[in-house]
There are 4 protein chains.
Amino acid sequence: MQLTGFFPAPFTPFDNNGKVNPSLIPAYADHLKKDGVAGVFVGGTTGEGLLLSVRERKEMAAAWIAEQDNTFQVIIHVGASSIEDAKELARHAASISATGISTMAPLFLKPQSVSALIDFCAKVAEEAPDLPFYYYHIPQVTAVDFMMVDFLEQVGDRIPNFAGLKYSGTDIMDVLLCAEFNAPKRDIIYGQDEKLLAGLVFGLQGAIGSTYNYMTPHYLDLVKAFESGDLKKARKMQADSATLVRAMNRYGGGIRVGKRIMKEIGLDCGGLRSPGETIPEKEWAEFLESEDMKELRDLLKI
Amino acid sequence: MQLTGFFPAPFTPFDNNGKVNPSLIPAYADHLKKDGVAGVFVGGTTGEGLLLSVRERKEMAAAWIAEQDNTFQVIIHVGASSIEDAKELARHAASISATGISTMAPLFLKPQSVSALIDFCAKVAEEAPDLPFYYYHIPQVTAVDFMMVDFLEQVGDRIPNFAGLKYSGTDIMDVLLCAEFNAPKRDIIYGQDEKLLAGLVFGLQGAIGSTYNYMTPHYLDLVKAFESGDLKKARKMQADSATLVRAMNRYGGGIRVGKRIMKEIGLDCGGLRSPGETIPEKEWAEFLESEDMKELRDLLKI
Amino acid sequence: MQLTGFFPAPFTPFDNNGKVNPSLIPAYADHLKKDGVAGVFVGGTTGEGLLLSVRERKEMAAAWIAEQDNTFQVIIHVGASSIEDAKELARHAASISATGISTMAPLFLKPQSVSALIDFCAKVAEEAPDLPFYYYHIPQVTAVDFMMVDFLEQVGDRIPNFAGLKYSGTDIMDVLLCAEFNAPKRDIIYGQDEKLLAGLVFGLQGAIGSTYNYMTPHYLDLVKAFESGDLKKARKMQADSATLVRAMNRYGGGIRVGKRIMKEIGLDCGGLRSPGETIPEKEWAEFLESEDMKELRDLLKI
Amino acid sequence: MQLTGFFPAPFTPFDNNGKVNPSLIPAYADHLKKDGVAGVFVGGTTGEGLLLSVRERKEMAAAWIAEQDNTFQVIIHVGASSIEDAKELARHAASISATGISTMAPLFLKPQSVSALIDFCAKVAEEAPDLPFYYYHIPQVTAVDFMMVDFLEQVGDRIPNFAGLKYSGTDIMDVLLCAEFNAPKRDIIYGQDEKLLAGLVFGLQGAIGSTYNYMTPHYLDLVKAFESGDLKKARKMQADSATLVRAMNRYGGGIRVGKRIMKEIGLDCGGLRSPGETIPEKEWAEFLESEDMKELRDLLKI
């Protein structure tokens, strides 16, 4: 298989009592489908995945799978601190026929070698042997920071259903080495929305990220500009994306601000689960009025 | 309440199939009681706590509680990536009448302020309102690295059952400030075995750690030497402990080597759960033969 | 002014007694000119700049200035731990009519704010008021890691001769924001050879780096491939560069291995100055025989 | 030799034009001698050493040497980014008959192994072969963070005049291992004023630091309390020191605030050299009025 196109990492909606709210998913999926996405990556970082219990994660996974169809692929993130939880989630994803599964590196007592990491992944992947497995590289969250080209070199056939990487790290030399690694059947899916253009020039064809929840059309145009050779336009569009990310970072980052954006566009995902802190309305107002956002509000239609 | 004395952080025994093995606990507890410990701290870092599922953690907690008595206090670590899991474990600890509970900072989407951390702790602590609650400060594992004196200053009455800190961080200026903080009913329990003497001189009276699993008598003598003013002896005994820790660090650290030591003294805790890697016998043999261990083998009686 | 094209950061040649050896510079410059470079960036990281005394740095600067002409521009790095040294080197660069000057952030008692950094730069720059001044951003060396778009926003007219950035950091979102920042007269010169293609797609037109010492023709072809739309070829050429950098990193990095490469191509720059350690011939042989280098030796003509 | 007692690390006085002001040194030395210090450590971190040119450093070194006598020992820090500068400063220190010399690890292109660091030190030390040489371990400044017990194990006779360590790192396990290392003639001089009590319990007998500039009598009493077994008093006195350091850290640290304290006690050392930023009077007033300082102003007599 090959994953191409945009895969938003959906926010997890919570209701007023802080319970997961799967009832929002049909409308959420409709919105994304209209925007032209290729699918979703459920329960990762943006989805506050590991802040949910295993039961809650299954519930959300099932809600998204209910929206899955030929043009809307659903990848389930099953990573967990405990490999037992990850394996249980992998089995569940298989039982509901997800498009694929993925896991980030374990966060507690981290793997001390690439081999230990591959071993962990292999044990999780073999619980869903018929689904493509993606390793989710996000060292800024996990602090597990091996070069992924080393992972590709060492994985061999240790994970029979290995399908590629969700690459959310910042080392673009490693991105390039992975992309050029001699194994064409493996996807390198880029996880840095604000640098997508670098991914494109390195030949990546799929992207997973947070801002695709509300501005995929912008990125589709960016890709079009890149492909037609209009780099000036592509750069400007990418700079808009980077400026947004920078502005959000000043207000607590893409989950904190992003969930509030979702509410604004009519998909109320509620607040953040502890230890996250929901953005107060006062800060949101400041964010909207900030210099950088003046031009970008049109883009976000807020 | 006040926790004083030594609280080993027990290893979690696994059987040959990698399943938790609570059947070892009675013998394990007997060993520790003979060594003169004051209790145990179950399911923390040494216990590979977050590598277990919630169900497994409850099973191990219950096994240790079965050994609890007036002179053997059992504190249950309930920290988890998901606050839902932590709350469930806190309720369970209350239901089995643990001596106290504790949580480390959440590992995924970390708290961005001391206040967010206290909020997280408060929500967990209120699930076991009649048990003393200890915050477990271990920034080298969690990468949540606030000064604990800030925590003490800000916690006020936000956690009614707040009882103190398990302090496993390395900032001994902060240790001192916490110890001298004007709130005598709060315990600062020291979590750095190899530096115990610094804790003693700062007035700490309780200790939780990994090496207390197999060498509490050594530390009891160290305390005796300190209290009798024989600093020369106390330093030498502490240096032995530090030399052991240094030697273990060369072979993968105190869990990897420590579990093998337990086997040697007749309490087979099995290997490490993934992503941990069990020490191969060849490396263990090298460790035993290493220069530093020559003198220390007597101490460990191995 | 605008700096475009390739600017190798030359190695500093040492003789057998460890003294700087300016007598090599004429041949060195001839080699670079034949390779099609636009100039050189003297006395930076590759040049082991701050390992030299002020007197030695002046001597090397003068030797390179002697080779300066209309098609070979010489930028002098004047950064130093002491601002007094940096100012003295700036005055010297002005006195010998360098093309421009640059400074990295001070390494000792680092600036605590962008404003303090700009203040430092302003004081250095005003010693050579008629030369364009470039700030050299290399956080992996200096551990001074502000976003450069913040620098651009705040610099205003505080440095009248400010001309742009030598950007050797790894944050390509920041690179993009700098490149798109509304100040066209400021150069963003890219300092990450192994990621040049990312710089090109973001519109950068100049590059300073270590591997341009011996493979500028390769990069000129890469640029040609990029500009003609042959991204497949450009990626392959960039991957070759990245593979080389990765291989060198396994043997101590681009200065340690690079100096040995220079010897191989007939420009003996000697060993590394302490605390650097010259690569032993045995390691060099291993490097040459390593898997990655098989294909790349042709490229380097070694 | 053996260095015992307190060695303030003096601030470097600057005049209104930012020039070094050696004329203050006689009064400065008188103040310190009255306070009961054993000597000074000149031109290290507190002294903004590497912010000065070589010429300025020699000038300040000579000014302090003029105050040297049997009860006031002067150690000169000669560390520099360039080993040539460090060697020149070492020769100068020898020529003016300093008590000893010391160097921190080089800050630019750092040593990649303990052996490379020892090699660097050996080359510097041999320029002053008749003076005791101390390695100055301060990883928070240099980011060179080897365990010092490794240094002691490997140094052997590679530095014939090696005399010990100025230990300003935070790893007190390493402090203990160094203190207990089997080489009694080597001093471990402690560089963490706010944790002195930990140093004392580990048997250290000398201390170098910043707060000894203005509160040595307090620390002399602390030592007395420790030695007489009054740990309660010693802890309280140490906590006062730690509280002061914490308060200073909130206002930019011990150099920024410390220089202002010196002015208050009648020894005007001027402001900070760039990239440092002198504390504005408004911030100083806030500092003095802050909660923590209420009790401590008496201690500082300000």
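Owing to the predicted nature of the structure, the values given are computational and were not obtained by experimental measurement. Just so it is clear: chains get the letters A, B, ... in the order the sequence lines come, proteins before strands, and each one is counted from 1.
- Listed options A/Thr142, A/Val141, A/Leu109, A/Leu117 were ranked by heavy-atom pairs under 4.5 angstrom with chain B; first place goes to A/Leu109.
- With a 4.5 Å cut-off on non-hydrogen atoms, A/Glu48 touches chain B through its backbone and its side chain both.
- Contact annotation: the side chain of B/Ile83 never approaches that of A/Leu51 to less than 4.5 Å [non-hydrogen atoms, C-beta and beyond].
- No other option in A/Asp85, A/Val54, A/Leu107 has as many heavy-atom pairs under 4.5 Å with chain B as A/Leu107.
- In the model, A/Ser81 has a side-chain atom that pairs as donor or acceptor with a side-chain atom of B/Ser81 under 3.5 Å.
- Among the residues in residues 274-288 of chain B, those with a non-hydrogen atom closer than 4.5 angstrom to a non-hydrogen atom of chain A are B/Ser274, B/Pro275, B/Glu277.
- Nearest heavy-atom pair across B/Phe108 and A/Thr45 is CZ-CA, 3.8 Å.
- The part of B/Ile255 that comes within reach of chain A is its side chain, from C-beta onward, which places non-hydrogen atoms under 4.5 angstrom from that chain.
- Atom CD of A/Glu84 sits about 5.5 Å away from atom NZ of B/Lys19, to the nearest 0.5 Å.
- With a threshold of 4.5 angstrom between heavy atoms, A/Leu52 approaches chain B through N, CA, C or O but not through any side-chain atom.
- Only the side chain of A/Arg273 comes within less than 4.5 Å of a heavy atom in chain B; its backbone stays farther off.
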